[in-house]
Amino acid sequence: MRTLALMLWFLASQACAMTEISLSADQIANDVFLLKKPHAVVNLHRKQQVQVYAEQLNLGDARIDQPNIMLDISARPSLLIRSDRMQLPPYQVRHPKMMLRYQAQAQHAMLSFDAEVKAAQDETWGTFHLNCQMPDQAMAQPWRCDDGLYHDLRSNIPFQLRLTPTWKDQDHSGPAGKGLDLVFAVQNATFSDASGLHAGDKLTGEVKLSAHQQADGWHWQGVLEWQQGELIWQPFYFAEGNKRFEVRGRYQPPYVDIDQATLALQGVGTLHSQGRLNLTTQAFDFLKVDAKDVNFNGVYQAFIQPLIPNSAFGHLNVSGSADWSFEAKGLQPLKFHLTIADASVEDQSGKFGFQHFNADIPWDYDHPKQIAMGYASGHVLKIPLGETRWQAEVNRFSITAPRLQLPILDGGLDFQDISAAWINQSMVWHVKMDLQPISMSSFSQALDWPLMRGQISGTIPLVTYANHSLNMLGEMQFKLFNGLVGMSDLTIDEPLGAVPRLHANFSIRDIDLGEITRTFNFGSITGKLEGDIQHLRLQNWKPVSMNAFVRTADGPFDKKISQRAVENITALGGEGTAAALQRTFLRFFKAFGYEKIGLSCELRGDVCKMGGVDTVPGGFVIVKGKGAPSVNVNGYTEYVSWKDVLGRMQRVTDSNSKIIIQ
């Protein structure tokens, strides 16, 4: 530098006949910068300005190609550096502009930097501005930058920056080293990336970072204090501020190694983590998180629910405490361990719930693990569940168990040969099942149904679930009212989705009509009932299509129907239904003989096409009388809305029917 200055002075003193002086060098360097192949030009008519062109300017890890440098050495000296591009991995920088100027009134220098910036994989360019007050001793005193700003179409991040160099020269205590203390603060910052997977709103907080360069890279430690704002880092969401994050690690481009990090989350507890972040891909090559004795509800909402938002466990109210750990490499989970102590779990829509729930759920990508869980009590819909314990083996993305006994009321479900797997982002499973006898009286009471007698029991050879569809192979039989109700060809699409769709066939055989009519306070009918419900289709658990027909069975048993039952059947038929009684005997008899009773419905959408056991001109026969005294009930309205049919059933069972007997 001294040689260059002497030569410039000498040439200037001898250049009375010249208009321009130029000088070149291979490089100029010091601890701050390296200027390659500089070429300086002094215009003798503007002696206070020096124009410098160069091949490259290096400032730390930043490289400016083909810089254009203007040096003004007037009473208000300044240095302006411009270029078309700047290399600063992992970012792309274009049109950088750096200005160093001396403020005579303020007695200090100001350094400003403006550029267009974007991440390497992003498509949106943003503007970056930084204006800093330079200290007298740039390598030892703090730098103060009060009005920093990054802005693009999706982001607006105002910030303040304090930089304190802690460089030291070679001395008896060790070799020379570079260091830096940094305080970075944002207020009401907003940002998002192109994918929308990472975003923040109204973020206010402060980062304190201390870093020192050593042989294996930069060693650093820092504290993040987040006072307010919302942050989404898909699939995780954090809000309400009041979080403290302490971290230490190493940096050697392009990796940031997190040796130890501690995150204190309000309402959750304290989490510890380690990891490696690739700044080029902006993804974790490795991440480990663990937490001890934390709030289970906080862990669920912050870390578990975001991973399973569309599953059966995606919308729960939970309580209790938990230990939780997680390891991943890139986007691939490696290990997971969740221990839950004395928790409660309740589905927000009321589908299921468990009390005093305990679980030990380890998972390892490379090694099979044994899991165990259980609860003291619970429910599915309104059906109570007894104390249950369950053990299974989980092997990567599959789980198997030889048996699970699930107490239900005075009986239970005995699951056998349980197998499930997560394949192509979807769950697949199968199970065999025996339904141990459950009394219909307790079952109907649990569901607030009219009191029923008998038992429900049966065997299902196999139930499978794949491609969001549940299928039952074989027939399940329910024993009730001294007869059998069979269910077959059961298929449920999206059973836990927003709009489940069900298809099934039902058969009804040898049902005791006396038991049914007494249960529902319908009046008295003796005999047996049989029927079929074919191609039943439910959408969101509401019927939209079926072919249903129920009728009395043939056989050598007494067939009598009471006057009250006649009235209720007539009410079920609705308008246009008439009961023709033999009036002569009405005052003497309360029961009448019949030959057949039956009613059918072909449901399509919300319209039911009604039918009976026979036809008459303009209508159909619901009750066909026989003997003396006898009764006939005919219907004359063929098409009825399903809503009206349900309304009639409700009115009849509530004993509020008012009908006219002709």
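Side-chain N or O atoms of Asp364 include one that pairs as donor or acceptor with a backbone N or O of Asp366 at under 3.5 Å. Of the possible polar contacts, one joining the Arg509 side chain to the Gly531 backbone as a donor-acceptor pair under 3.5 Å is found. With Asp410 contributing its side chain and Ser439 its backbone, the two residues share a donor-acceptor pair below 3.5 Å. In this structure a side-chain-to-backbone donor-acceptor pair under 3.5 Å is missing from Ser641 to Asp606. At least one donor-acceptor pair closer than 3.5 Å links the side chain of Thr517 to the backbone N or O of Gly523. Here the side chain of Thr388 pairs a donor or acceptor atom with the backbone of Gly386 at under 3.5 angstrom. Under a 3.5 Å cut-off, the side chain of Ser398 and the backbone N or O of Ala420 do not form any donor-acceptor pair. In this structure, the side chain of Arg396 engages the main chain of Tyr365 through a donor-acceptor pair within 3.5 Å. Remark: side-chain polar atoms of Tyr639 are not paired, donor with acceptor, to backbone N or O of Met610 under 3.5 angstrom. In this structure, the side chain of Asn540 does not engage the main chain of Pro500 through any donor-acceptor pair within 3.5 Å.
Remark: Lys609 NZ to Phe620 CZ distance equals 11.0 Å, nearest 0.5 Å. Rounding to the nearest 0.5 angstrom, the gap separating the NZ atom in Lys528 from the CZ atom in Phe481 is 12.5 Å. Ile622 contributes atom CD1, which lies 15.0 Å from atom OH of Tyr594 (distance to the nearest 0.5 angstrom). Between atom CG of residue Leu316 and atom CD of residue Gln348 there is a gap of 7.0 Å, rounded to the nearest 0.5 Å.
Heavy-atom neighbours of Glu393 CD from other residues, nucleotides or ligands within 6.0 Å: above the threshold of 12. A 6.0 Å sphere centred on CG of Asp554 holds no more than 12 heavy atoms belonging to other residues, nucleotides or ligands.
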> After noting the C-alpha distance and the side-chain angles of Phe397 and Trp363, does the key distance pass the ring-ring contact (aromatic ring centres under 6.0 Å, His included) rule?
Replying inline: CA-CA 9 Å; Phe397 300 119; Trp363 180 85; 5.7 Å; yes
>> Set out, in order, the CA-CA distance, both residues' side-chain angles and the distance that settles side-chain contact (heavy atoms from CB on, under 4.5 Å) for Lys351 and Val380, then state yes or no.
In response: CA-CA 6 Å; Lys351 294 178 181 177; Val380 174; over 6 Å; no
>> side-chain contact (heavy atoms from CB on, under 4.5 Å), that's the test. Do Leu271 and Lys292 meet it? Break it down for me.
In response: CA-CA 8 Å; Leu271 287 76; Lys292 301 294 185 182; over 6 Å; no
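Looking at Glu346 and Phe352, their side chains never come closer than 4.5 Å, going by heavy atoms from C-beta outward. Between Ser545 and Leu603 the shortest side-chain heavy-atom distance does not fall below 4.5 Å. By the 4.5 Å heavy-atom criterion applied to side chains, Ser507 and Glu475 are counted as neighbours. No side-chain heavy atom of Trp324 sits under 4.5 Å from any side-chain heavy atom of Asp290. Taking the side chain as every heavy atom from C-beta outward, Ile569 and Val623 approach each other to under 4.5 Å.
Under 3.5 Å, the side chains of Thr400 and Ser419 contain no donor-acceptor pair of N or O atoms. Side chains of Asn358 and Arg389: no donor on one and acceptor on the other come within 3.5 Å.
Classified by interplanar angle (parallel below 30°, tilted 30° to 60°, perpendicular above 60°), the ring pair Tyr465/His468 is perpendicular. Under the 30°/60° scheme for interplanar angles, the aromatic rings of Phe357 and Tyr375 are found to lie parallel.
Here Lys624 pairs with Asp614 in a salt bridge; the nearest charged N to carboxylate O distance falls below 4.0 Å. In this structure, Arg403 pairs ionically with Asp414, as a charged nitrogen and a carboxylate oxygen lie closer than 4.0 Å. Taking the charged nitrogens against the carboxylate oxygens, Lys369 and Asp360 have no contact shorter than 4.0 Å, which rules out a salt bridge.
Only one option out of Val613, Val621, Leu529, Ile525 pairs with Ile597 in a side chain to side chain contact (heavy atoms under 4.5 Å, CB included); it is Ile525.
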Would you list the atom pairs, donor with acceptor, under 3.5 Å between side chains in residues 484-497 and any protein atom, with sequence neighbours excluded?
{"residue": "Asp489", "atom": "OD2", "partner": "Asn505", "partner atom": "ND2", "Å": "2.9"}
{"residue": "Thr491", "atom": "OG1", "partner": "Asn471", "partner atom": "OD1", "Å": "3.0"}
{"residue": "Asp493", "atom": "OD1", "partner": "Ser469", "partner atom": "OG", "Å": "2.8"}

